Amino acid sequence: MQDIYLLVSGPLAWAAWAIFLFGSIYKIWKTLDTAKKKEQVLFSYVSLKYGLRSIINWSIPFNTVNMRLNPALTAISFFFHIAFFVLLLFVSAHQVMLGEGFGISWFTIPDTLANILAFGVLGACIFFAARRLTVPEVKYVTDWTDFALLILVVAPFVTGILAYYQIGNYMLMIILHMLFAEAVLVAIPFTRLSHMLLAPLTRAYIGSEFGMVRNVKDW
Amino acid sequence: MEERVWIKDEGIEAGAAKLTPEKIEKTINAVFDNETGARLKAYVETCIHCGLCSDACHFFLSHDRDPRFSPVGKVKQTIWPMLKNKGKVSVEFMKQAVQVAQTECNLCRRCVQYCPFGIDIAYMMSLVRRICHKQEITPLYIQDTAHSHAATMNQMWVKDDEWIDALQWQEDEMRDEFPNARIPLEKEGAEIMYSVIGPEPKFRTQLIYQAAAIMNETGMDWTMPATPGWDNSDMAMYTGDSEMMGRLKRMHFDTAARLKVKKIVMGECGHAFRSVYDTGNRVLGWRMPPIPVIHALEFYWDLLNEGKLKVAKTFDEPVTFHDPCNVVRGRGLHEKAREVVRAFCPNFIEMIPNREHNYCCSAGGGVINCGPPFKNARVEGNRVKAEQLKATGVKVCIAPCHNCHGGLEDIIHTFELGIELKFLGEIIYEHMEKPNAV
Amino acid sequence: MRDILYRYAIFCAIILCMSFGSVAFAEDTGVFDVNAFGTLERPVSQFDHDAHMEYPEIDEDCSVCHHVYEDGKLVEGESSEDQACSDCHTIKAQGSQPGLRTAYHDQCKGCHIDMKKGPVACGECHVR
């Protein structure tokens, strides 16, 4: 088990981060490059000012009309995305590993808070799944890939919680936790999780069109 | 979900009869490969199927939240299978896709304001229309309009001499009220070229009269062309006939350039403004229009603020104002329009939602131009508009757009709202100071 | 890439295992004395001192773990079993001297990796 643990926490982690990083750079580069080759005209409608204006306004909870129209979803979505990154970056166990590997560390959150966030993320994913199953307009455009992505994203949190509480086979859980997290990283550039990379681009573009050409808010 | 009833349209049926799987595949891939790039790919790959665009769509809301009428639902019924099957879709699929894209989406872009990622679903519906245009399955009535554009360079089969005749007739009419009034034709070097849409000389000539009256009474240096190029409308834009759109806009801009005017002022039309200000210029390679394009709402506001337009008496009945997508979501003229409306109509009541979040009229985007076969679907698909209008409690609604007028008129009639529709120019004409009138 | 991380870990482990030592230890309970940490985030690590002393690699040589450092250099032959780890290793690192938590982790985990034996994952030591 030690070998597998060391493999997953060492080389596989390196590989996952590398694929994520280079994959993400490639994805963004490819998108911009294709735009340059096939739709160069789009660039003349991109404005830093209005692009940022749109991104900022859509980053503030309850700032847009549609966010206020769906308060529960807005709250849960914002929580989910914030908790995702807070847990990734500030959980003490992650920091210990960072410290051991690179000798660096920063601010950590107490495990109690991490627990609350992790259970919150679990709840959020259950909410997303329930929404996909019950809300007609969401159900209609949902296929198996949506659930696959949701399961992929929730898996590191489920196994993380099980490992934290040492329920079941601890070593299996901690290894699965790391494997799933690595799978999420690898999936980001190559699945619809790439909205993490592309949403700022689509947002900036439409924000520019609305702000610069059409003189109107896009939120 | 119960089975959908698809509407039979002669144009779609005739076109579909000639379609083959090879032609379908070829046209779809030709459009995807040659006319799209990073934008479509990013839109399709970024969409996480959250359905949040749904609440933006009047079709969705009016069909009791039937997911097939949600914006993303329309993408699911059109773009997704085309991409997934690499163009290998059936004739039946295309017949349904054209109805979805051409008659159940007004390209009003309200959903763009509701998508967390700013995905432009109207753009994707336009792509579907483009594909359908290439497959020649565009609905009959709007295709006829596009044919008119191609043959006459105007939307309504208006002959060249009919156009001049209509203008001179209106000038003649005006002389009763304003003895020295002119509709100056072909005046080179005038400051303003005033352009209208085909239906104005055809059956709404009083609008030309009113606009000319405003021009005369505010002392504008203006002209109208006596040649093709006078029509700023553009149904080719809405059928996906980009080539024709380019010809139309080029002729329009060329006419303005020939007359050496400083700017083009347009009548109260939304889609034409979209075409001249936003879409047509791009097809011609102009980032922004080569000659400044001023919509009537902005023009009125300018006149009011420059003190050239003065209120003689106010229109005291309660009025509401319908924000047309193409000049509000497309140009941000909502505040200027309100200032003008308030100046003339002190008893102004907002409909809710309003401004850039107003519900669409359900006529724009070429939908009303698809004609009688789709009329009932279009009106039933906008029950929310009727409810929104009714909630204001007013009996007069200002709708500064021809398509909106047409759409709202049908809604008001069907839902028995008893609301009178007006163009803003109509109210201005009736209530402004007329120094030269007898 | 694997190698770089590994070499680093092994490098640390060797240095630590060969000479460090300052684990204050309460033999009767089988866990470390971790009062210096104050409130703990995780359960105290399980540790069997006697079993460790008998491992051939240690062979009752206290200085393998209970090391002494002076001016950042290991003092050969000296041991520090009469001191608590926290006497030298403060909570925060001081220069090249690791902080208390890192010292514990490096000392245990480093050696375990080096020996290819013994717990390395968080919950293997911090058992609930």
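Each chain gets a letter, A, B and so on, in the order its sequence line appears, and its residues count up from 1. The shown structure was predicted, so the numbers you read here are calculated from the model rather than taken from an experiment.
- Contact annotation for B/F60: only side-chain heavy atoms (C-beta onward) come within less than 4.5 Å of a heavy atom of chain A.
- Among the candidates B/D120, B/I119, B/T36, the residue making the largest number of heavy-atom pairs closer than 4.5 Å to chain A is B/T36.
- For the set B/G51, B/G332, B/P353, the count of heavy-atom pairs under 4.5 angstrom toward chain A peaks at B/G332.
- The local environment of CH2 in B/W6 is crowded, with over 12 non-hydrogen atoms from other residues, nucleotides or ligands closer than 6.0 Å.
- Minimum heavy-atom separation, B/P67 to A/Y140: CB-CB, 3.4 Å.
- Between the side chain of B/Y43 and the backbone N or O of A/T202, no donor-acceptor pair lies under 3.5 Å.
- Here B/R65 contributes atom CZ and A/E137 contributes atom CD; the two are 5.0 Å apart, rounded to the nearest 0.5 Å.
- Nearest heavy atom pair, residue B/A38 against residue A/A35, reads CB-N, 3.5 Å.
- One distance of note links CE of A/M196 with OG1 of B/T46; it measures 13.0 Å at 0.5 Å rounding.
- Heavy atoms closer than 4.5 Å to chain A are found in the backbone of B/V328, but not in its side chain.
- Among A/N215, A/V141, A/I206, A/L149, the residue with the largest count of heavy-atom pairs under 4.5 Å with chain B is A/V141.
- In this structure, CZ on A/F210 lies 6.0 Å from CZ on B/R109, to the nearest 0.5 angstrom.
- Annotation: maximal heavy-atom pairing with chain A below 4.5 Å, among B/A42, B/G285, B/C47, B/P116, occurs at B/P116.
- Close approach to chain B, defined as a heavy atom under 4.5 Å from one of its heavy atoms, is seen in A/R131, A/R132 of residues 108-133 of chain A, taken by number.
- Ranked by heavy-atom pairs shorter than 4.5 Å toward chain A, the options B/C53, B/S70, B/S54 are led by B/S54.
- The choice from A/H195, A/K37, A/E39 that makes the most heavy-atom pairs within less than 4.5 Å of chain B is A/E39.
- Comparing B/R329, B/Q113, B/H334 by heavy-atom pairs within less than 4.5 Å of chain A, the highest count is held by B/Q113.
- Residues of residues 55-84 of chain A lying under 4.5 angstrom from chain B, judged on non-hydrogen atoms, are A/W58, A/V65, A/N66, A/L69, A/N70, A/L73 in numerical order.
- A donor-acceptor pair under 3.5 Å is absent between the side-chain atoms of A/K38 and the main chain of B/N34, judged by distance alone.
- The greatest number of non-hydrogen atom pairs below 4.5 Å with chain A, out of B/M288, B/E35, B/H49, is found for B/H49.
- Salt bridge B/E45/A/K27: present, at least one basic N to carboxylate O contact under 4.0 Å.
- Scanning all heavy atoms of the two residues, the minimum distance from A/R192 to B/I48 falls at O-CG2, 3.9 Å.
- In this structure, the portion of B/Q77 lying under 4.5 Å from any heavy atom of chain A is its side chain and not its backbone.
- Residue B/Y123 touches chain A through its side chain alone, counting heavy-atom pairs closer than 4.5 Å.
- B/Y277 places a side-chain heavy atom less than 4.5 Å from the side chain of A/V213.
- A donor-acceptor distance shorter than 3.5 angstrom exists from the side chain of B/H357 to the backbone of A/W219, with no hydrogens or angles considered.
- Residues B/R355 and A/V216 are not in side-chain contact: their nearest non-hydrogen atoms beyond the backbone lie 4.5 Å or more apart.
- Between B/R282 and A/Y45 the shortest side-chain heavy-atom distance falls below 4.5 Å.
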Note to self: For a salt bridge (charged side-chain N to carboxylate O under 4.0 Å, His left out) check, start with the C-alpha distance between A/E209 and B/R39, then their side-chain angles and the critical distance, and finish with the verdict.
What the structure shows: CA-CA 13 Å; A/E209 284 272 17; B/R39 180 161 41 156; 5.3 Å; no

